[in-house]
Amino acid sequence: MNRNQLRIATNTGFGYLFQFTGLFCIAVLLGILAMLMYNATAFFFEASPIDFITQTQWNPNNNPLKASYGLLSLLASTLLVTLGAMVLAIPLGIGTALFMSEYAGGWLKHWLKPAIEILAAIPSVVIGFIGIVAVAPALAWMFGLNNGLNALNGAILLAIMALPTIITVSEDAIHAVPSTLKEASYALGADRWTTIRKVIVPAAYPGIIAAVMLGIGRAIGETMTVLMATGNALAFPGGFFDSIRTITATIAIEMGEVPFRTTHYYGLFAIAFVLFMITMVVNIMAESIANRARKFQ
Amino acid sequence: MKTKGVYQEPQWPMLLVLSCATIVFIMLIAILGIVFFKGLPAITFEFLTSFPTHGMTQGGILPAIVGTVMLTLITAVFSIPLGVGCAVYLNEYAQNTRTTRLIRAAIRNLAGVPSIIFGLFGLALFVEALDFGTSLYAAGFTLGLLSLPYTITTTEEALKVIPEGLREGALALGATKYESIRDVVIPAAVPGIATGAVLSLSRAAGETAPILFTGAVFYITGLPGHPGEEFMALPYHLYILSTQHQSIEAVRPLAFGTAVVLVVLVFLMNLAAIILRNKFRNKLK
């Protein structure tokens, strides 16, 4: 083989190699899906799928007569803490995004953007630690509780985790509103707040919804903060002052100790599969909303 | 007093959004303030350079620091070549076909997969199926998969800003496509690629959930010598010290110290990325 043939062969070879790395990404996603489905199927051969979606008791046990694998308490905990996080994070996040894009002057914006990036960079385990050492005592003192390790604590921490996503994505959406729309509104005599309410927010609406959805996806899948700060009690949650245990926390607690290839082991994959499907649906919805928004701009 | 005839814009909307931004800013300051105020006193030379002693109630966190550094290196070795390769494919080769759209959709979805599920996947694939056992390899590869979507996205951004003329110039001189990528496109994009890689590694270095079942342990005697062994890592160490230790109050100062080291490590990586990015920007101008 002469030199040029070698060059051409290398060129072709690397073309395939690059293509392979691209296909690898699909393989990873499909691999995750297959792994979850395989183990979840194994679980449903051993435990009743009806019980799984109708029972509230998650009580793994080596004795099959005593064991109970009900999803509902875990799912309700995950949804409750996510709901709480969104109640806090959505107004704060959108308000901050509006402040940054519509009110803040040059230097303030110059400082706020890196601040949001720093907030996003703090590892979740550190946020969880703050939940234990600062938020929990504060909640216990404020509401006269024994300890502050409850759903409210988890919701506050998850709000902090979701805020950078919500702020950045909705700020981008607000920023992308054509300035001609804004100018037209001012020209008609509207003030700044009316312009925000009637022109900017409606125009950026799909992007803001996408930001919220991404924030929800982030909060539902978050593990360490809820694991550390919500008390991990295995009961159906009654409210924000109850200690709760989310799907993610249950996997984190039990996977380390469970013997391989038991019903319990497969059960953890089954709840992981539920979690995966929820985050997937939320993320796909976020994406399709954002795409629709792009079409109109 | 109201001025007649002149419309006064109400002040409350501005105050409302200003207070939102202020609350977010105060949260950040409070988190960093608590961590550094309580943690900095625990940081001594001994804390950074010695092993935990007396059932982890005294001594330092050296093995956890070394473990996290080694883990991050393995993550880098795994995710950077794959991520850059995939980004090169998407930006330089791929036509707008079904497959390309599928790859892009897969990457976007991977970015949204919860980190604990990557932990399960790492357990099933690396620890069990490929039989690496719980080890630095298994945990590093798991984190590599987790950071892959970020590495790809940032690398693609870096490749996108390389002017088309550079590629055409290389091709006109007789280079093959691969040679133009290897000798022209990638070298020009290196600062951007490095920025993105460091950012995604800083994210991976702080992750806890994916290493829970893939190799992190409470305690090892001695430094992690071989990547096939289990290891200590800063985030996992902080998790254990703050929730699982039998004398939690006694080890609080150590937990705060660990939190400071972890946060500083992550911030230093971010700072490095920002410096790289600014250098890159100046060069382009």
Side-chain angles (χ1 to χ4, degrees), chain A residues 7-8 10-11 14-15 17-19 21-26 28-29 31-32 35 91-92 95-96 98-100 103 112 115 118-119 121-127 129-130 132-134 160 163 167 191-193 196 217 221-224 228 248 251-252 255-256 269 272 275-276 279-280 283 287, chain B residues 7 9-10 13-14 16-18 20-21 23-25 27-28 31 34-35 82 85-86 88-90 93-94 102-103 106-110 112-117 120-121 123-125 145 148 152 176-179 202 206-209 212-213 235 238-239 242-243 255 259 262-263 266-267 270:
Chain A
R7 286 175 61 208
I8 290 165
T10 318
N11 185 41
F14 270 90
L17 190 68
F18 288 132
Q19 185 169 25
T21 55
L23 296 174
F24 180 79
C25 299
I26 302 182
V28 173
L29 189 69
I32 291 175
M35 177 257 326
L92 271 180
T96 307
L98 281 173
F99 178 74
M100 281 169 70
Y103 290 94
L112 268 172
I118 292 174
L119 191 62
I122 298 175
S124 58
V125 68
V126 174
I127 308 267
F129 182 59
I130 292 292
I132 295 174
V133 296
I160 298 175
L163 268 171
I167 294 172
D191 64 16
R192 197 146 56 163
W193 180 240
I196 288 176
E222 176 50 44
T223 308
M224 294 319 290
M228 293 165 82
T248 50
I251 301 171
M255 192 44 109
F269 281 93
L275 177 70
F276 179 82
T279 50
M280 189 100 155
N283 285 321
E287 197 184 308
Chain B
Y7 175 72
E9 191 180 344
M14 204 273 264
L16 186 76
V17 292
L18 173 66
C20 285
I23 291 171
V24 173
F25 195 68
M27 279 178 180
L28 173 67
I31 293 170
I34 292 167
V35 167
L82 271 176
C86 185
V88 165
Y89 175 70
L90 286 175
Y93 287 89
L102 262 178
I103 293 174
I107 293 167
R108 278 193 302 268
N109 278 306
L110 276 180
V113 171
S115 55
I116 187 91
I117 290 186
L120 287 182
F121 188 57
L123 174 72
L125 180 66
L145 289 181
L148 199 55
I152 294 170
T176 63
K177 185 159 190 167
Y178 165 67
E179 285 163 346
S202 83
E207 279 286 352
T208 320
L212 284 176
F213 337 115
L238 175 58
Y239 165 60
S242 57
T243 59
L262 178 60
V263 167
V266 169
F267 283 3
N270 276 273

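Residue numbers start from 1 in every chain, and the chains themselves are labelled A, B, ... in the order their sequence lines are given, proteins ahead of strands. This one's a predicted model, so the numbers in the text were calculated from it and none came from an experiment. Note: hydrogens, waters and symmetry copies are ignored here, and every other heavy atom, side chains too, is used.
- Nearest heavy-atom pair across L120(B) and A272(A) is CD1-CB, 3.3 Å.
- The candidate from L17(A), L119(A), I8(A) with the greatest count of non-hydrogen atom pairs under 4.5 Å with chain B is L119(A).
- When each of I107(B), L238(B), T243(B) is checked for heavy-atom pairs under 4.5 Å with chain A, L238(B) comes out on top.
- Across every non-hydrogen atom of L23(A) and I103(B), the tightest pair is N-CD1, 4.1 Å.
- The minimum heavy-atom distance between L28(B) and A115(A), with the atom names listed, is CD2-O, 3.4 Å.
- Annotation: the span from F24(A) atom CZ to I152(B) atom CD1 amounts to 9.5 Å, rounded to 0.5 Å.
- In this structure, the portions of I26(A) lying under 4.5 Å from any heavy atom of chain B include both its backbone and its side chain.
- Heavy atoms of T223(A) lying under 4.5 Å from chain B belong exclusively to its side chain.
- Ranked by heavy-atom pairs shorter than 4.5 Å toward chain A, the options A94(B), A259(B), A255(B), P10(B) are led by A255(B).
- In this structure, N283(A) contributes its side chain and N109(B) its backbone to no donor-acceptor pair below 3.5 Å.
- Considering only heavy-atom pairs separated by less than 4.5 Å from chain B, the leading option among V133(A), T10(A), L112(A), L163(A) is V133(A).
- The choice from I31(B), L125(B), V263(B) that makes the most heavy-atom pairs within less than 4.5 Å of chain A is I31(B).
- With a 4.5 angstrom heavy-atom cutoff, M255(A) touches chain B via backbone and side-chain atoms both.
- With sequence neighbours excluded, no residue forms a ring pair (Phe, Tyr, Trp, His ring centres under 6.0 Å) with Y89(B).
- Taken to the nearest 0.5 Å, the CG atom of L110(B) stands 6.5 Å off from the SG atom of C25(A).
- Both the backbone and the side chain of I118(A) come within less than 4.5 Å of a heavy atom of chain B.
- Contacts between L92(A) and chain B at a heavy-atom distance below 4.5 Å involve backbone atoms as well as side-chain atoms.
- Heavy-atom pairs under 4.5 Å with chain B were tallied for G95(A), G15(A), A134(A); the largest tally goes to G95(A).
- Across A21(B), A124(B), G206(B), the residue that shares the most heavy-atom pairs under 4.5 angstrom with chain A is A21(B).
- Atom OH of Y103(A) has more than 12 heavy atoms from other residues, nucleotides or ligands within 6.0 Å.
- Looking at L145(B), the atoms closer than 4.5 Å to chain A (heavy atoms on both sides) all sit in the side chain, from C-beta outward.
- Nearest heavy-atom pair across M27(B) and I160(A) is SD-CG1, 3.8 Å.
- Of the candidates L82(B), L90(B), V88(B), T21(A) forms a side chain to side chain contact (heavy atoms under 4.5 Å, CB included) with just one, namely L82(B).
- For chain B, the option among P91(A), G256(A), A121(A) with the highest count of heavy-atom pairs below 4.5 Å is A121(A).
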Evaluation steps, side chain to side chain contact (heavy atoms under 4.5 Å, CB included), between Y239(B) and M224(A) = CA-CA 8 Å; Y239(B) 165 60; M224(A) 294 319 290; 3.6 Å; yes
Where do V113(B) and T279(A) land on the side chain to side chain contact (heavy atoms under 4.5 Å, CB included) test, with the steps shown first?
-> CA-CA 7 Å; V113(B) 171; T279(A) 50; 6.0 Å; no
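- Counting heavy atoms from C-beta on, the side chains of I122(A) and V266(B) never come closer than 4.5 Å.
- By the 4.5 Å heavy-atom criterion applied to side chains, F213(B) and I251(A) are counted as neighbours.
- Here the CE-CD1 distance, from M280(A) to I117(B), works out to 10.5 Å after rounding to the nearest 0.5 Å.
- In this structure, no portion of S202(B) lies under 4.5 Å from any heavy atom of chain A.
- Atoms CD1 and CZ, from I34(B) and F129(A) in turn, are 10.0 Å apart once rounded to the nearest 0.5 Å.
- Between the CD atom in E9(B) and the CZ atom in R192(A) there is a gap of 5.5 Å [rounded to 0.5 Å].
- Taken from CE in M14(B) to CD1 in I196(A), the straight-line distance is 11.0 Å, to the nearest 0.5 Å.
- The aromatic rings of F18(A) and Y178(B) lie tilted to each other, with the angle between the two planes from 30° to 60°.
- Interface remark: of the candidates L212(B), I23(B), L18(B), L148(B), L18(B) forms the most heavy-atom pairs closer than 4.5 Å to chain A.
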